[in-house]
Protein chains: 2
Amino acid sequence: MKKYTIKDIAELAGVSKGTVDRVIHKRGKVSPAALEKVTKLLEEIDYQPNLIARSLKNTKSYHICVIQPDPKIDPYWQPCTNGVNDAINEYNSFGITIDSYFFDHTDTHSFLEVNKTVLKQSPDAVLITPVFHKESIEVIKIYNENNIIVSTINDPLELNGITNYVGQDLTQSGRIAARLMEMIVPKNRTILIIHLDEVFNNSIHMQLKEKGFKNYLERIPNSNYNLKTCSLQQTDLDQKLHDLLSKPNDISGIFVTTSKVYSVAEIVEDFPDLDIKIVGYDLLDDNIKYLKNNAIDFLINQNPKHQAYLCITQLAEYFLFDKKIPRQKLLPIDIINSENFDGYTHN
Amino acid sequence: MKKYTIKDIAELAGVSKGTVDRVIHKRGKVSPAALEKVTKLLEEIDYQPNLIARSLKNTKSYHICVIQPDPKIDPYWQPCTNGVNDAINEYNSFGITIDSYFFDHTDTHSFLEVNKTVLKQSPDAVLITPVFHKESIEVIKIYNENNIIVSTINDPLELNGITNYVGQDLTQSGRIAARLMEMIVPKNRTILIIHLDEVFNNSIHMQLKEKGFKNYLERIPNSNYNLKTCSLQQTDLDQKLHDLLSKPNDISGIFVTTSKVYSVAEIVEDFPDLDIKIVGYDLLDDNIKYLKNNAIDFLINQNPKHQAYLCITQLAEYFLFDKKIPRQKLLPIDIINSENFDGYTHN
DNA sequence: TTGAAAGCGCTAACAC
DNA sequence: GTGTTAGCGCTTTCAA
C-alpha cells in the first residue's frame, strides 16, 4: 500500500540513505551486517525505486539522430518522418533532442555523406533506415567503434551491431498476401508477382516477400496456381504490363511487393474485361484511392510511422528510465481493405 | 540547443525563480513590468518545463480501480485483464496503484455490488467495462458526483459523464465484415447473421455491427445477397443451426457478431459438402484453432487488451505529466486471417 | 565502511 | 508584489 522510499528503508534499518543506495546498486563498501539487514528489508517491502526521482538526477540531455530517406524524393517515407516528429514532440520536454537527417534513397553517396555529418555530432544514438545494405553495414561498424547506439527499422541487417530493430517479418508478410490471393483468385489461374522499384532500393524486402508468397501457395494441395515473377523498373512498367495484358492470358491476380501498387492498378484499369485481383503494400494516398474503388483488393500495412515512433520510444525510455531495450520487435502485419484503412491512416 | 531552466529564465529576466513560476502558472501577483519581461523571454526561448522535475514534486500517489467482467466466467475478457496487468507493472514504479475488481457479466447485481465496493475506496479514477448499459449509466452518475474520473472501453455510452473512451467504431466494424464477405461469397447467395450470446451481454454491439453489415451489402449494385438474421442463445445454437443446414439451402456465408465464432465453426464442420465462409470476432484460442485450418475465414480483432492498456496509459500520463486526455480514441479495426494472427496474439 | 550534505528542476509556503 | 527557502526521492561527493 504505502510507497516506501530510500529514507524509509534507511530509518527501518538504522543506517543512512547512502548505505541503502550502495546496497541497491551493489557498489560495495558496506559491512556484512548492514548489507544483510538492508537486503532483507528491501525484499520484504518489495522496494520499487521512484523512477522519476532517479531520472531527475540525471540532468544530462540525450541526443538522437535519425537518418531517413528524404520523403520529398519518395513519398513512401513520409509516414516515417511523421512518426519521428511525433516522438520529437513527445520527448522534448524530457530532455531528449532528436534531429532528423535526410538522404536520397537512390544515391548511396548521399547516404554516406549524411552519416559523416551525424558522426561529427557524436550523438548518443542513431536511428538509421538501411535501404543500402552494404553501406549500412559499413557505417554501423563506425558507430559501434564510437560507442554510439544504433537502431534500425525496416531491415534487421541480421542484427549485427544493432541495439534494437523494429520491423516486420517479411517472409510472413508474403505468406499473408498469398493467403489473401488464395481466397479471392480462382484456382488454376496465373498470378503475377511484380517487383517494382528503383534498382538499389529494398531488394532484400522483395526477395523475402516473394519467398513467403511462393512458399505458401506451393503448399496448397490441388491449387495449381501458375506463378510468374517480373522485376521491372517503374519506367518499363507501362509498356511491359500493357503487352502482357493485351495478349490472351489467364492472369487473375497481381502481387506487388512494394508500395507502388497504384501504378499497377492504373494500368489494370485499362482492361475492364479482365477480372484481376491486386494485393500490394502500404497506405499511400494513391493506393488508398484505388483501394476505395476496389481496383486494389488488399493492402498490407508495413506501418512505417509506428516503426519509427516505437524505435525512438524505446531509446528514450532507456535513456530516461533505464528500461531494457528489446533487441527485436516485430510489429503485427495489418491487412487493409476499403473499409478499415481509415483507422490506420488517422493515427 | 541548450535546455533552459526556470533558474536561467530568472537570471536573464533579473527576477527570482518564484516570479517566473508565478508567470508560468498565471497565478497573478506579478507586476506588469516583470510579467512582460518574463513572458517575452519565455516565448523567445520557447521554454519547455522539465516534466520529470515537475511531477517529482507531486509525491501524491494515484489510485485507479478497474472494473471488468471476470475472465474466469467468460474467457473473452482475459486479454483485457492482461492489458490491465501490463499497465500495473508499467506504472507501479511511478506511484500509480491500479486495483482490479471483477464482476459476473451475466449478473447486473454483481456489477452494482462491485461498484459500491470501489466507491468506498474513493479512487482517483475508475475504468469500467459497461456491459450493462443502464446500470453503467447509474454508477457513472455517482462517480461524477464524487469527482472520480470515469473511463470506459468497449462502449462509449454516448460519452456522457465520461472522461475518456477507448474502443472501436462498431458500425464500421460491421461494414468491414461485409466487405470481406463480398470478396469471398458468390453473389445471389444467402448470408446468415448470427447474434450469439447471453441475454444481457453486449446488445448494443450486436445491433451496430448488424447495421453496418447490412448497410454495406445493401448498397452493392446487383449483388442480391439474401440476408437472414438469427438471434440465438448458446444453448439453442446446436439444434437450430443443424436444422437450418440440413435442409436444402444456399447459405454460403455466416457472420457471427460476437466472439463465440468457434461454436458456429464447429457445427459447420459437420457439413463438409457445403462451402460456407465464416467471418466473426476476436482472437480466442478456440477461434484461432478454426482460423488455422481455414474453417473460419476471417476474424476481426477488437483488441480488448490494447483498449484496456491504452485507457490506463492515458489516465497515468494525465496524473504524472498532466497530459491532456483525449475524449475518445477509436482504435483501428484489424482484419485477421490464418497467416497474420501471430503478430496480434503475441503482443 | 559510513553518514552528512548538496543538488537535479520545479513548486508552494512564507516572510518581507 | 517579490525573493527566499524547503523539499519531492534519488545519487554522489566528501569528510570522518
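Below, chains carry the letters A, B, ... as their sequence lines are ordered, and counting in each starts from 1.
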Which listed nucleotide (dC8(C), dT11(D), dT2(D)) is nearest to the side chain of L56(A)? dC8(C)

Given atom CD1 of I45(B) and atom C1' of dG9(C), what is their separation to the nearest angstrom? 15 Å

Rounded distance in Å - CG (N92(A)) to P (dG9(C)): 16 Å

Is it true that the side chains of S55(A) and N58(A) contain a donor and an acceptor less than 3.5 Å apart? no

Checking contacts here: which listed nucleotide (dT2(C), dC8(C), dT4(D)) is nearest the side-chain heavy atoms of S16(B)? dT4(D)

Decide, yes or no, whether a salt bridge links K324(A) with E317(A) under the criterion of side-chain N to carboxylate O below 4.0 Å. no

On DNA chain C, does the nearest nucleotide to K17(B) precede the nearest nucleotide to L35(A) from the 5' side, or the other way round? Give the residue. L35(A)

Do Y4(A) and Q48(A) pair up side chain to side chain, a donor and an acceptor below 3.5 Å, judged on atom types alone? no

To the nearest Å, how far apart are D322(B) CG and dG9(C) P? 20 Å

In whole angstrom, give the distance that lies between atom CD1 of I52(A) and atom C1' of dC10(C). 13 Å

Side chains of N164(B) and S151(B), donor plus acceptor under 3.5 Å: yes

In whole Å, what is the span from the CD atom of E11(A) to the P atom of dC10(D)? 13 Å

Can you check the K3(B) NZ to dC8(C) C1' distance for me, whole Å? 14 Å

When you match I24(A) and P32(B) each to their closest nucleotide on DNA chain D, which lands nearer the 5' end? P32(B)

Ignoring hydrogens and angles, answer whether the base of dG3(D) and the side-chain atoms of R22(B) contain a donor-acceptor pair closer than 3.5 Å. yes

Taking only the side-chain heavy atoms of K57(B) (C-beta and beyond), determine which of dG7(D), dC10(D), dG3(C) contains the nearest atom. dG7(D)

Mind checking if N50(A) touches a base, just sugar-phosphate, or nothing, with heavy atoms under 4.0 Å? sugar-phosphate

Over all strands shown, is Y47(B) touching base, sugar-phosphate only, or nothing at heavy-atom distances under 4.0 angstrom? sugar-phosphate

Spell out, as yes or no, whether a donor-acceptor pair under 3.5 Å connects the side chain of E135(A) to the backbone of F111(A). no

Nearest-Å distance, CD1 (I6(B)) to P (dT4(D))? 15 Å

Would you say T19(A) reaches dG3(C)'s phosphate, i.e. side-chain N/O to OP1/OP2 under 4.0 Å? yes

Identify which nucleotide among dG9(C), dC10(D), dT2(D) has an atom closest to any side-chain atom of K29(B), counting heavy atoms from C-beta outward. dT2(D)

Rounding to an integer number of Å, can you tell me how far R27(A) CZ sits from dT12(D) P? 5 Å

Of the candidate nucleotides dT11(C), dT2(C), dC10(D), which contains the atom at the shortest distance from the side chain of V30(A)? dT2(C)

Starting the side chain at C-beta, find the nucleotide from dC10(C), dG9(D), dT2(D) nearest to S31(B). dT2(D)

